[in-house]
Chemist: 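Before anything else, here's the structure in question.
If you're wondering where the values come from, they're calculated on a predicted model, not measured in any experiment.
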Amino acid sequence: MSVEAEPSLAQAGPTLGLLPTQQLLLDQVPAQPDGDWLALQLHPLELQRWHGLSWPKRRRDWLAGRLCAKSALRRLLPRELAAPSQLLIGSDALARPCLPGSALYLSISHSRRRAMAVADHSPLGLDTEVHEAVQAQSLQMLVPAEEVAVTVAQLGVSARQARTLLWCLKEARFKCQGSGSFVALAQGWRLLGWSADAQPRWTAQAAWPPAPAGMGWHVSLYANEQEACALVHAQPQSTHS
């Protein structure tokens, strides 16, 4: 892939709340991009890791996520610190993506269709998935039928969309919490319904983890006929319903 043919981050994809999400359709990223262009996009240690990935699909997905993450971070960094080849995306103590040495929060997600990333000064979690990926009956213990039914009734989406929205919501919430077993936690997070502004109401046993002082958790959702996305973001109480 030449520099002129580099993938462009989508601006017309899913919109989630006020935070700009950086997005890239996976089929825009070839398995063998131009080496000179790649060296401009990745930190040397990331470039080494990319070469160590043996499966073309894994290379594509990983690279798409890194491109989105760096674009999200650059929006918040001084220009002299924002060159993609200087940004080394690592993992924090809970294995969540981060920019080491920075207080910024970062979340990356992949579906079978696109990569997405978002960054901010406050805790957040992002998840996206296509509907067919979460239709197995075995996942009903994590997304029970009664939660799907109340989401259909109160948000006006299809059962297929509701199931994926709930999966993404629980994944995004887990990324904010960061510790424990996702399966165990998601089974305990039981949805009672939705507020008028599409905020989830959980059972008392499924209360949100504490947000930073003066902040509360806010959920933004998106669904169409192909996919769904959820963003959980800590916002000042004055803007949180």
Chemist: Would you call the rings of Trp202 and Trp189 parallel, tilted or perpendicular, taking 30° and 60° as the class edges?
Modeler: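 Plane angle between 30° and 60°, so tilted.
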Chemist: Work out which heavy atom in Leu124 is nearest to a heavy atom in Leu106; give both atom names and the distance.
Modeler: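 Taking every non-hydrogen atom into account, CD1-C, 3.9 Å.
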Chemist: Evaluate the side-chain proximity of Pro200 to Trp208: yes if any heavy-atom separation is below 4.5 Å, no if none is.
Modeler: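 In contact.
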Chemist: Between Glu147 and Arg163, is the closest basic N to carboxylate O distance under 4.0 Å?
Modeler: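 Glu147 and Arg163: not salt-bridged.
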Chemist: I'd like to know whether Lys170 forms a side-chain contact (heavy atoms from CB on, under 4.5 Å) with Leu142, so could you lay out the CA-CA distance, the side-chain angles of the two residues, the decisive distance to 0.1 Å, and finally the verdict.
Modeler: CA-CA 9 Å; Lys170 292 185 178 185; Leu142 303 180; 5.6 Å; no
Chemist: Just so I know, are the side chains of Ile108 and His110 near enough to count as touching, which here means a heavy-atom distance under 4.5 Å?
Modeler: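 Result yes, sub-4.5 Å side-chain heavy-atom pair found.
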Chemist: Looking at CG of Leu231 and SG of Cys176, how far apart are the two atoms once the value is rounded to the nearest 0.5 Å?
Modeler: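 Interatomic distance, Leu231 CG to Cys176 SG, rounded to 0.5 Å: 8.0 Å.
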Chemist: Below 4.5 Å, heavy atoms only, C-beta onward: do Leu155 and Leu221 meet side chain to side chain?
Modeler: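 Yes, at least one pair of side-chain atoms sits under 4.5 Å.
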Chemist: Can you find a heavy atom in the side chain of Thr128 that is under 4.5 Å from one in the side chain of Gln23?
Modeler: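 Side chain of Thr128 against side chain of Gln23, heavy atoms only: no contact under 4.5 Å found.
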Chemist: Are the side chains of Leu16 and Val118 in touch, meaning some heavy atoms are under 4.5 Å apart?
Modeler: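 No, their side chains stay 4.5 Å or more apart.
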Chemist: On a heavy-atom basis, which atom in Ala72 and which in Gln22 lie closest, and how many Å separate them?
Modeler: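 Reported closest heavy-atom pair: N-CG, 3.5 Å.
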Chemist: Looking only at heavy atoms, which two atoms of Leu126 and Ser107 are closest? And how far apart?
Modeler: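 In this case the closest contact between Leu126 and Ser107 is N-OG, 2.9 Å.
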Chemist: Is the cationic atom of Arg66 (NZ for Lys, CZ for Arg) positioned less than 6.0 Å from the six-membered ring centroid of Trp50 and within 45 degrees of its normal?
Modeler: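 Geometry flag: not set, cation outside 6.0 Å or 45°.
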